[in-house]
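This report concerns only the one structure given below.
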Amino acid sequence: MPRQISVAPSECPILPEVYHEIPKESIDLDSLESLADPQPANPNRFWRLVALIAILAFALIAFVAVAHRRPTQKHHGHYDESVVSCDCGTSVAEARSMGCKYDTLAASWLPDACRDDELSAQFDQAGPNGTSWAYFADSKATMELSVEEVSRLPDSELNCFWVPQRWHLLHCTFYWKKLHRQRKTGVVLERHYNRIGHIEHCEMLLLSSEDLDGIVTEAAVGLSGDRLELGPSGGCPPDQGANR
């Protein structure tokens with residue numbers, strides 16, 4: 001059976017009370033005052049945080065909108081070359097039905113997005129002594145063609161016309177103007193001409209010394225700025241291949 005042990009109060013040990021004084025210099029009075037009286041929140045910091053969150057939210061919304069924007073043919077006055085085609089079919093009738101027009105500078109049917117009509121109008125008056133160009137059905141210049149007749153050549157048995165060497169040279173320089181004006185006009189430069197091969201061709205032409213007014217250049221009318229489409233006849237005869 002357990003025993004109960006009794007201890008007299010006088011027999012319990014009494015621990016001595018020990019106090020240590022803290023030096024005044026070790027107490028940070030400013031810290032104690034800040035705890036007792038905290039500073040109010042800075043309102044400017046709060047509104048800066050709100051503004052930052054709003055800007056980030058707007059940027060996120062704008063990014064999502066751009067990422068999901070469907071490509072359009074024209075943006076800020078400039079056509080998007082990745083979605084615009086300069087093709088006008090395989091016949092004059094199809095070109096007309098697609099809304100294309102004959103462009104004298106390109107010697108091709110082109111849609112609105114690929115034409116610089118103002119520049120082409122200047123080219124039309126860049127002939128000898130500031131006159132319009134003469135187009136011929138033969139290299140001896142015995143049968144003159146109107147621009148309308150030239151435009152219908154893709155549907156004819158012989159899609160081929162002759163012009164002076166001057167026409168050929170200015171065709172090159174005006175295409176460089178078209179490329180330069182592209183920043184302002186926003187038109188698409190046809191793939192047929194927007195290539196190093198055409199530039200090199202023009203370079204060799206400029207280095208030649210042929211008679212500028214001689215009827216030495218033969219060309220064919222195109223139906224597409226994206227590829228070489230010359231209609232049923234295929235352009236000039238093989239021994240007189242188009243060299244524009």
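All heavy atoms count here, side chains included; hydrogens, waters and symmetry mates do not.
Rounded to the nearest 0.5 angstrom, Ser85 OG and Met98 CE are separated by 6.5 Å. Note: His168 NE2 to Thr173 OG1 = 11.0 Å, rounded to the nearest 0.5 Å. Separating the CZ atom in Arg115 from the OG1 atom in Thr185 is a distance of 12.0 Å, to the nearest 0.5 Å. Between atom CG of residue Leu207 and atom SG of residue Cys202 there is a gap of 11.0 Å, rounded to the nearest 0.5 Å. With values rounded to the nearest 0.5 angstrom, Cys88 atom SG is found 11.5 Å from Arg96 atom CZ. In this structure, Phe136 CZ and Cys160 SG are separated by 14.0 Å, a value rounded to the nearest 0.5 Å.
Looking at Leu179 and Gln182, their side chains come closer than 4.5 Å, going by heavy atoms from C-beta outward. Between Leu153 and Ser156 the shortest side-chain heavy-atom distance falls below 4.5 Å. At a threshold of 4.5 Å between non-hydrogen side-chain atoms, the residues Pro154 and Ser91 do not count as touching. Between Gln122 and Phe174 there is a side-chain heavy-atom pair separated by less than 4.5 Å.
Shown here for Ala134 and Glu144, the closest heavy-atom pair between the two residues is CB-OE2, 3.8 Å. Closest of all the heavy-atom pairs between Cys86 and Pro111 is O-CD, 3.6 Å. Of all heavy-atom pairs spanning Ser151 and Trp109, the tightest one is O-NE1, 2.9 Å. Nearest approach of Leu105 to Ser120, heavy atoms of both residues: CB-OG, 3.7 Å. Taking every heavy atom of both residues into account, Gly99 and Asp112 meet most closely at O-OD1, 4.2 Å. Heavy-atom minimum distance, Phe161 versus Val221: CE2-CG2, 3.7 Å.
One hydrophobic cluster, built from ILVMFWY side chains closer than 4.5 Å, holds both Leu205 and Trp176. Val147 and Met143 fall into different hydrophobic clusters, where Ile, Leu, Val, Met, Phe, Trp and Tyr are joined by side-chain heavy atoms under 4.5 Å apart, directly or via other members.
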task = Report the C-alpha distance between Asp138 and Lys140 in whole Å, list the side-chain angles of each, state the deciding distance to 0.1 Å, and finish with yes or no for salt bridge (charged side-chain N to carboxylate O under 4.0 Å, His left out).
result = CA-CA 5 Å; Asp138 62 314; Lys140 295 181 180 180; over 6 Å; no
key: Derivation and outcome, side-chain contact (heavy atoms from CB on, under 4.5 Å), residues Ser108 and His192   = CA-CA 11 Å; Ser108 179; His192 180 63; over 6 Å; no
task = Please step through side-chain contact (heavy atoms from CB on, under 4.5 Å) for the pair Tyr102 and Val150, ending with a clear verdict.
result = CA-CA 9 Å; Tyr102 178 68; Val150 172; 3.3 Å; yes
request  = Take Lys177 and His180, measure what side-chain contact (heavy atoms from CB on, under 4.5 Å) needs, and give me the verdict at the end.
outcome  = CA-CA 5 Å; Lys177 289 181 182 180; His180 176 76; 5.6 Å; no
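For Tyr175, the ring pair (Phe, Tyr, Trp, His ring centres under 6.0 Å) partners are His171, Tyr193, not counting sequence neighbours. For the side chain to side chain donor-acceptor pair (under 3.5 Å) test, residues two or more places apart in sequence or in another chain that qualify with Glu94 are Thr90. Take Asp103 and apply the salt bridge (charged side-chain N to carboxylate O under 4.0 Å, His left out) test, not counting sequence neighbours, and it matches no residue. Partners of Glu203 according to the salt bridge (charged side-chain N to carboxylate O under 4.0 Å, His left out) rule, which considers only residues two or more places apart in sequence or in another chain, do not exist here. With sequence neighbours left out, Arg152 forms a salt bridge (charged side-chain N to carboxylate O under 4.0 Å, His left out) with Glu148.
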Donor-acceptor pairs are to be reported for all side-chain atoms of residues 124-132 against protein atoms at under 3.5 Å, with residues two or more places apart or in another chain.
unit_1: Asp124; atom_1: OD1; unit_2: Thr104; atom_2: OG1; d: 2.5
unit_1: Asp124; atom_1: OD2; unit_2: Thr104; atom_2: OG1; d: 3.4
unit_1: Thr131; atom_1: OG1; unit_2: Pro128; atom_2: O; d: 2.6

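With hydrogens and angles disregarded, no donor-acceptor distance shorter than 3.5 Å links the side chain of Trp133 to the backbone of Pro164.
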